[in-house]
Amino acid sequence: MPIVPPQQRPDVRRDRTDVRQAEAALVEHYPHLVRLAYVVLPPGLGRHRRVLAAHAVVQRALPAVGGGAPTARVPAQSRRSLPTGETTDTGTAYGWMRLRVLRTALAYERRPRWWPGRLPAPAALRPTVPVVWGLRLFPRAGGVDELALDRALSRVDGAARAAFALRLSEGLDASAVRDLLARAAVDDPADAVRRAAELGSPDQDGARAMLGSGEFDPCTVQTRPSDLLRRRQRVRAAAVAAALCVLAGGLAVAVEESTRATGADRSPAGALAPVLDPAELLRTAAEQWADTSRVDFTAWPARGGRTSDTELLGRALRVWAEPPGSVRVSATPGTGTVPPVEPPRLLFAGEVDGAAVVLFHDNADRVVRYAEPLSGTGGAALDFARTDDADVTTGGAVVIGRTRDGARFLLAPWIAESTTRDLLAPDTPGRPLAVGRDGVTAAVPRPALGGACDAWPVLQLRSSGRIVEKHAFLVTDLGDLAPVHLTYTPKPGRGAPARQPREATGPEALLAWARTACSLRTLSAAGVRSVNNWAFAEQKLPEGGGPADWLCTRAETWRGPGRALVQFLPAAASPTEPATVVADRGDTALCGRFGQHVLAGTRWKAPSGRWYVLAAGSRAVTRIEAKGAVRGSADGTAFAVRAPRDAAVELTAAVRGGGTLPAVY
C-alpha cells in the first residue's frame, strides 16, 4: 500500500526561539535603538511625534511568530555588550534588529509629499505614529551646540542622518555603514556616508558627545499638558453626546438620503470641520510667557480687538482649508500650505491699516496670516511662514501688515522696549517706537529692496527682565512674515578661543553692519531666519594702504540651507561705504557651526596704481600659498603679493592640525 508522508507543520517552536533572541536584544539595547531611530526620523515630525515614532519603530521591529506569513530567521546573539564604540557584527540578533529599525525609520521619509503630516498613510507608504492624549513629550533641551547639530541634521535626508548616527553612535567604519545602508534599501549609501562625514567634521569627538546628550534621548523626556480647558469641555460634552446617540442614529439615515439628493460637502473644509471650528482654537494665557521654559510662539497670548469675532475667525479658517481663486496665497520657501491637522493657536485678530487680520500658529511650526479688506473690492490674502525652533529673538516679532508707508509688527509679549534705528547711521541712537496695547507697533519704514540703498531701518528690541535681563537684539524686514535676526561675531582674539555670535548692538557690530547692510537685499523673501556678520580676519594692506577687515555674512534659513557672502572691507573715508563681495556660496555650511574654516582672496589696487592679490583665512589657517601666474607664500592668516590685474592665481591654505583649504570665490 502507498506510504503517505506526514502533513507538514510550521516550525513554530523555532520561530519562538528566534523571536526570543530578537526580544532579548531589543530589551537590552532598547535605549540605544530608540536614540538611533530618533536621529534618523524626519525632524519635520516635530519633537513630540518624533519621540512617539521612535519608540513605535523599535517596538514594531520585533518579528511576528507564525500566524500566516513566514518569519525571517533571526541570527544568533553572539554579543551582549553595548554597541557604542564597537564594530558590531550585523550577524547578531542586535545587528538584525538594528537593520529592521533603520528600514522602518527611513520609511517615514519615503511618504508622498502630498500626504498630510499627521494623518496615517497606508502601511506601504508610511508607518503610523502612536497617539498620546493629554500630554506632550519632549527630550531634554541641550545647549547651543546641540541645537546647532539638530539644525544641521534637519538639513540632510534620513540616509545621511543614519550614516552620521551609525558612524558616531554605533562606532561603525565607513565600509560597514555603506553595507548596512545598502541592506536598508538606501539608493546611494556612499553619498550618504560622505555627507555624514561633513556633518561631523572637524570635531568628531564633540559631535559624538552631543549625539549622546539628552537633546537626542527620546527615553528621557519632559512632559507638558495639552490644552486643559479644551479637554475639560470635551469631558462635559461627552455626557451630552451620549444622550444624543439615539437621536443621531435616527438622523443619520435622513442625512444620508439628503446628501445623496443634494450632494455631500466633500471639500477639505467640510472634512476638517472639527479642526476649523473657531470654538476649538487654542488660546494661551496672557502671562504664560513669563512662566515657561519654551519661550516661542506657543507662549503668545491671543490679542487684538476681534478675538471673539467667530465669523471672522471662521472665514479665516475656511480660507486656510480651501483658498478660493480670489485669495492671494504666498509662502516662504519650504513652507507647506496644507490645512491644519489640529486646531491652531490664535495669536491675533484685529484691524490693521484698513484690513481685518488674523494670525495663527499651528503644530507644524507655521505662522499663518489671513487679511481681508474692511472696504473696497480688494481680495483677501493668506501668507505662510515657517517658525521651526523659534526662540526669544526669532520669535520676538511678526509682520502684521504692510503699506507703502512701512510695515507694522506684532511684538511678542516678552518685549519690554522697542526702538528703531538706521544701520547706515551707526552713530545715531535709536528712536522710540510706539506700541499699542495689543502689541502692534506704529509703521516702521521698510528697507528699499531696489534702487538706491541710502537707509536700512531695523528694530532694536529688548526682552523683559522677567525672562532675560537687558537682552537687546536687532531684527529687520526682508519681505517675509518673520523678520530676520541680525548678529555679529567679532574678530578673533590672540590665543583666545573661537568667538561666538553675539547681538549686533555694540559699536563694532554696528560699524560692520553699516558697510554690509545693503548686501541683505540679495536675501529678500528667501525665508531667512538669521544673518551673522563674522569678522574672520584682519590684514594690513601693502604700501601703507591701512587696515582691512574680512567678513563672512552667513544667512540661515528656516528650512535649513544656508548662504554665505565673503566681503572685503578696506579702509574707507565713509563708515557706510559698501564692502566688496568676493565670494557668494549657496546651500553651504561655510562660515557656520559646521564650516568654521574659510580662505578667501581678492585683487586690490594700491594708491600707487599697482595691483595685488590679497588673501586672508580664519584663525585655524597657518600658511597661505599662491600658485599660477604668480607664486608666493606667507605664514599666518594674511597674504599679499604683487600680480597683474588679470593674473590667474590659485590660493590654498594649510590648516592647524593638518589638511589644506582652497579659497572660495
Side-chain angles (χ1 to χ4, degrees), residues 35-45 50 54 87 90 98-99 101-111 113 145-213 215-216 333-334 388-389 527 529 552 554-564 585-598 655 657-662 664:
R35 187 188 293 265
L36 174 64
Y38 183 81
V39 174
V40 176
L41 285 166
L45 288 173
R50 192 152 52 127
T87 302
T90 56
R98 180 178 59 194
L99 177 60
V101 168
L102 275 177
R103 285 173 176 167
T104 308
L106 289 169
Y108 273 75
E109 207 160 53
R110 291 195 285 266
R111 68 189 188 275
R113 293 179 62 85
D145 291 341
E146 286 81 358
L147 179 59
L149 176 59
D150 189 47
R151 289 176 181 167
L153 290 171
S154 70
R155 299 168 190 156
V156 298
D157 59 14
R161 291 192 298 272
F164 183 77
L166 292 172
R167 285 297 304 273
L168 297 184
S169 182
E170 297 287 300
L172 301 182
D173 58 29
S175 177
V177 172
R178 286 194 296 269
D179 178 67
L180 190 55
L181 293 180
R183 296 175 64 194
V186 171
D187 293 334
D188 192 348
D191 180 65
V193 172
R194 178 186 59 78
R195 289 182 286 121
E198 294 175 355
L199 287 175
S201 63
D203 185 8
Q204 288 214 351
D205 292 337
R208 182 181 292 108
M210 286 186 283
L211 198 61
S213 66
E215 178 82 23
F216 301 97
D388 309 49
D389 297 318
R529 172 194 181 99
C552 190
R554 177 172 176 82
E556 300 281 2
T557 63
W558 289 99
R559 66 188 186 280
R563 181 178 173 185
R585 288 284 186 91
D587 295 339
T588 179
L590 186 69
C591 304
R593 168 68 176 81
F594 299 99
Q596 299 182 11
H597 303 323
V598 58
V655 181
T660 59
L661 183 68
V664 295

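Basis for what follows: all heavy atoms, side chains included, without hydrogens, waters or symmetry-related copies.
For Asp157, the salt bridge (Lys or Arg N to Asp or Glu O under 4.0 Å) criterion is met by Arg195, not counting sequence neighbours.
The minimum heavy-atom distance between Ala162 and Leu102, with the atom names listed, is CB-CD2, 3.9 Å. Across every non-hydrogen atom of Gly562 and Arg554, the tightest pair is CA-NH2, 3.6 Å. Contact record, Leu106 with Ala159: CD2-N, 3.8 Å, taken as the closest heavy-atom pair. Taking every heavy atom of both residues into account, Ala105 and Val40 meet most closely at CB-CG1, 3.8 Å. Shortest non-hydrogen contact noted between Ala165 and Leu36 is CB-CD1, 3.6 Å. The two atoms that bring Ala174 and Arg167 nearest to each other are CB-NH1, 3.7 Å, heavy atoms only.
Between the CZ atom of Arg151 and the CG atom of Asp388 there is a distance of 9.0 Å, given to the nearest 0.5 Å. In this structure, CG in Leu149 is found 4.0 Å from CZ in Phe216, a value given to the nearest 0.5 Å. To the nearest 0.5 angstrom, Asp191 atom CG is 12.0 Å from Arg178 atom CZ. A distance of 4.0 Å separates CZ in Arg103 from CG in Leu99, rounded to the nearest 0.5 Å. The OG1 atom of Thr588 lies 9.0 Å from the CD atom of Glu198; values are rounded to the nearest 0.5 Å.
Judged by the 6.0 Å distance and 45° axis criteria, Arg50 is positioned over the aromatic ring of Tyr38.
Under the 3.5 Å distance criterion, the side-chain polar atoms of Arg208 are left unmatched by any main-chain donor or acceptor of Gly171.
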Could you walk me through whether Leu181 and Leu166 pass the side chain to side chain contact (heavy atoms under 4.5 Å, CB included) test, one step at a time? CA-CA 10 Å; Leu181 293 180; Leu166 292 172; 4.2 Å; yes

Apply side chain to side chain contact (heavy atoms under 4.5 Å, CB included) to the pair Val156 and Phe164, showing each step before the final yes or no. CA-CA 10 Å; Val156 298; Phe164 183 77; over 6 Å; no

Hey, mind stepping through Leu41 and Arg161 against side chain to side chain contact (heavy atoms under 4.5 Å, CB included) and telling me if it holds? CA-CA 8 Å; Leu41 285 166; Arg161 291 192 298 272; 6.0 Å; no

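Annotation: side chain of Glu170 is not in contact with side chain of Leu180 (no heavy-atom distance under 4.5 Å).
Checking each of Arg593, Arg529, Arg155, Arg563 against Glu556 for a side-chain hydrogen bond (donor to acceptor under 3.5 Å, both in side chains) leaves exactly one that passes, namely Arg155.
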